[in-house]
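Naming: A, B, ... by sequence-line order, numbering from 1 per chain.
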Amino acid sequence: MRLATWNVNSIRARVVRTVEFAVRENIDVLAMQEIKCKPEQFPYAEFEAAGYHVVAHGLNQWNGVAIASREPIEDVELSFAGMPGFQKGYDGPDAPLEARAIGATINGVRVWSLYTPNGRALDDPHMTYKLHWLDALARYTETELAANPELKLALVGDFNVAPLDEDNGDPTIVEGVSTHVSPAERAAFGALQSAGLTDVVRPLVPTGYTYWDYKQLRFPRNEGLRIDFILGSSAFADAVSGAFIARDERKGEIPSDHVPVVVDLDLDPVDDDDVPMIFG
DNA sequence: ATGACAATTCCAAATTGA
């Protein structure tokens, strides 16, 4: 099974390009972020014509996440348990949730398409929200894996954190001043590893960015960020056989500012007729 | 250089993004 994640920066603006990529690269499951629409506005027909089912979560023109799959989609969840919301001037438990997480089980793999809050600025209330959101995601992961240590769990999407210095090639993003590279954000991302997840792409694709700002010729200069990840539980990581970052998707007409991140999985076939052969 | 991108929406100035 081939699984990809892509912050598409509006699915309505880029549906043709998105479906063409999925078909060309033989993607079985495509997790999308920043669809920027409500479910009733999602361009389902283009995906269905290419053989994909889609589940989408969107509340307004901001954020929004979706999962497209060639194989049946089961057990869809909107927002993970414990996910905080945001309300200006208030970060308590009753703040309204945003459309930043959708989970589904496909081929026995629990996939979450995730869009971590931006943070906006180091001293902005949205940064507190971002850190709380990542912390809640780590605790959700711990709970899930404690209940089922063999779960094939994949947290994929736009984490809005560049974990390593080498993940930041944008000269305008500077530690101490900018979001995405602060010690607090990196610690919050690192807590996902402590909760039992690993970045399954990094060992196979050690260098490369997944995002380049539209401004200031960032892509031609290759001054990007690595902020989109596929994190997996140990059972998921054990199934990974390959990975790539589809850098070419930043080229051409009206590209998203992010590109897809892709992994190949060797999943054990679930087949009751599969009787082991014994020799001797 | 009063800029330099791109998406959304009460169609157009404001908001968001990273």
Work out how far the [atom1] atom of [N] is from that of [M], and round it to whole angstrom.
{"N": "dA13(B)", "M": "dA18(B)", "atom1": "C1'", "value": "22 Å"}
{"N": "dA12(B)", "M": "dA7(B)", "atom1": "C1'", "value": "14 Å"}
{"N": "dC11(B)", "M": "dT15(B)", "atom1": "C1'", "value": "15 Å"}
{"N": "dA6(B)", "M": "dC10(B)", "atom1": "P", "value": "23 Å"}

[X] near the nucleic acid: base, sugar-phosphate alone, or nothing, with a heavy-atom cut-off under 4.0 Å?
{"X": "Ile173(A)", "value": "nothing"}
{"X": "Arg100(A)", "value": "sugar-phosphate"}
{"X": "Phe219(A)", "value": "nothing"}
{"X": "Asn7(A)", "value": "sugar-phosphate"}
{"X": "Asn168(A)", "value": "nothing"}
{"X": "Asn160(A)", "value": "sugar-phosphate"}

Point to revise | Parallel, tilted or perpendicular: rings of Trp212(A) and Tyr209(A) (30°, 60°) | key: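 Rings of Tyr209(A) and Trp212(A): perpendicular, as their planes differ by over 60°.
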Exercise for review: Using the ring pair (Phe, Tyr, Trp, His ring centres under 6.0 Å) rule, collect all pairs that involve residues 135-161 of chain A, keeping only residues at least two apart or in two chains.
Suggested key: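 Sorted result for residues 135-161 of chain A: Phe80(A)-Tyr140(A), Trp112(A)-Tyr140(A), Phe159(A)-Phe189(A).
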Hey, is the main chain of [Y] close enough, under 3.5 Å, to the side chain of [X] for a donor-acceptor pair?
{"X": "Gln33(A)", "Y": "Asn7(A)", "value": "yes"}
{"X": "Tyr214(A)", "Y": "Pro255(A)", "value": "yes"}
{"X": "Arg2(A)", "Y": "Val262(A)", "value": "no"}

Does OP1 or OP2 of [N] have a side-chain N or O of [X] closer than 4.0 Å?
{"X": "Arg120(A)", "N": "dT16(B)", "answer": "yes"}
{"X": "Tyr211(A)", "N": "dC5(B)", "answer": "no"}
{"X": "His126(A)", "N": "dA18(B)", "answer": "no"}

Tell me the interatomic distance from [X], atom [atom1], to [N], atom [atom2], rounded to whole angstroms.
{"X": "Arg226(A)", "N": "dA18(B)", "atom1": "CZ", "atom2": "P", "value": "18 Å"}
{"X": "His258(A)", "N": "dC5(B)", "atom1": "NE2", "atom2": "C1'", "value": "13 Å"}
{"X": "Glu223(A)", "N": "dC5(B)", "atom1": "CD", "atom2": "C1'", "value": "15 Å"}
{"X": "His180(A)", "N": "dA18(B)", "atom1": "NE2", "atom2": "C1'", "value": "4 Å"}
{"X": "Ile35(A)", "N": "dG17(B)", "atom1": "CD1", "atom2": "P", "value": "15 Å"}
{"X": "Gln216(A)", "N": "dA18(B)", "atom1": "CD", "atom2": "P", "value": "18 Å"}
{"X": "Asp167(A)", "N": "dA18(B)", "atom1": "CG", "atom2": "C1'", "value": "14 Å"}
{"X": "Asp158(A)", "N": "dT16(B)", "atom1": "CG", "atom2": "C1'", "value": "13 Å"}

Practice item. Using salt bridge (charged side-chain N to carboxylate O under 4.0 Å, His left out) as the criterion, list what pairs up with Asp165(A), not counting sequence neighbours. Key: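 Asp165(A) satisfies salt bridge (charged side-chain N to carboxylate O under 4.0 Å, His left out) with Arg186(A) once adjacent residues are dropped.
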Point to revise | Linked, directly or transitively: Val55(A) and Leu114(A) (ILVMFWY side chains, under 4.5 Å) | key: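 Different clusters: Val55(A) never reaches Leu114(A) through Ile, Leu, Val, Met, Phe, Trp or Tyr contacts under 4.5 Å.
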Review point. Out of Lys152(A), Glu71(A), Glu74(A), which one pairs with Asn107(A) under the side-chain hydrogen bond (donor to acceptor under 3.5 Å, both in side chains) rule?
Key: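 Of Lys152(A), Glu71(A), Glu74(A), side-chain hydrogen bond (donor to acceptor under 3.5 Å, both in side chains) with Asn107(A) is met by Glu71(A) alone.
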Check: protein-nucleotides 6-10 of chain B nitrogen or oxygen pairs below 3.5 Å:
| unit_1 | atom_1 | unit_2 | atom_2 | d |
| --- | --- | --- | --- | --- |
| dA7(B) | OP1 | Arg14(A) | NH1 | 3.3 |
| dA7(B) | O3' | Ser10(A) | OG | 3.4 |
| dT8(B) | OP1 | Ser10(A) | OG | 3.2 |
| dT9(B) | OP1 | Arg12(A) | NH2 | 3.4 |

